Amino acid sequence: MSSDAMKKRAAEAALEYIEENTVIGVGTGSTVNYFIDALSRIKHRLDGAVSSSEATTQRLKAHGIPVFDLNAVGPLPLYVDGADEVNAQLQLIKGGGGALTREKIIAAASELFVCIADQAKRVEVLGTFPLPVEVIPMARSHVGRELVKHGGQPVLREHCVTDNGNLILDVYNLAILEPATLEARLNNIVGIVTVGLFAQRPADVLLLGTADGKGVKVFGRDRAAHGQYAKNSPEDR
Ligand code: 5RP
């Protein structure tokens with residue numbers, strides 16, 4: 001089975017976390033694109049979405065789904081987004097699509113963060129995928145030197161300007177054994193806008209699309225302890 005088919009399975013399973021007449025947060029990437037396409041089937045039950053990128057905004061609007069400013073509608077009950085890597089604690093590396101800053105803001109402003117991914121994204125230790133870091137352009141060299149002091153090898157992402165007008169450094173060779181500690185340390189480097197580590201605010205639920213007959217594995221928050229999400233939540237399947 002292709003990774004696209006597994007992404008689609010995870011994306012479709014996330015529909016079951018949506019409550020009637022709510023505004024939800026929507027992430028960015030190829031897995032989320034499957035989610036947006038699926039969302040269009042139930043858009044009459046949704047008030048709209050807060051988008052994490054210009055690309056996602058365009059796709060939502062193309063499906064006739066209203067897009068709202070977070071300031072007008074937050075906090076949100078639900079955020080659905082993909083990931084580049086996810087560990088057993090549901091801590092993530094994100095930003096492969098360059099949308100990490102808005103993604104992190106929406107995750108912070110959401111009650112439930114449902115991560116959708118194909119099985120290849122599940123790792124023991126974060127850091128094989130180079131860690132994306134969004135930087136203010138004039139701080140690029142300074143931040144690069146600081147990242148080297150932390151043991152990483154930063155590489156400027158070519159031909160990439162974020163939706164916020166900034167640059168991305170992809171940091172190689174970090175074995176991230178303590179994700180929340182590293183996130184806090186890197187957050188202290190002047191000139192960094194956002195670190196693509198989502199450890200201090202990890203996902204609450206992981207829907208992992210698999211190649212086997214079960215289709216989607218569910219990890220994370222105990223649904224029985226969170227009644228409003230329990231009634232329509234997917235079982236492991
Ligand atoms: C974008 C992201 C994406 O969620 C991440 O890159 C995964 O993308 P895909 O679903 O295409 O594999 O963080 O900034």
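Both ligands and their constituent atoms are indexed starting at 1 by order of listing. The structure presented is a predicted model; accordingly, all values stated were derived computationally and were not measured.
Ligand 1 is surrounded by Lys7, Thr28, Gly29, Ser30, Thr31, Asp81, Gly82, Ala83, Asp84, Lys94, Gly95, Gly96, Gly97, Gly98, Ala99, Glu103, Lys121, each with at least one heavy atom closer than 4.0 Å.
In this view, Leu156 and Arg140, Leu167, Leu169 satisfy the side-chain contact (heavy atoms from CB on, under 4.5 Å) rule, not counting sequence neighbours.
Of the charged side-chain nitrogens involved, at least one lies within less than 4.0 Å of a carboxylate oxygen, so that Glu12 and Arg41 count as a salt-bridged pair. Remark: Glu54 engages Arg102 in a salt bridge, criterion side-chain N to carboxylate O under 4.0 Å. Between Asp118 and Arg9 there is no salt bridge, since none of the side-chain N atoms of the basic residue sits less than 4.0 Å from a carboxylate O of the acidic one.
Proximity of a side-chain donor or acceptor of Asp81 to a complementary backbone N or O of Glu103 within less than 3.5 Å is not detected. No side-chain donor-acceptor contact under 3.5 Å links Lys94 to the backbone of Asp84.
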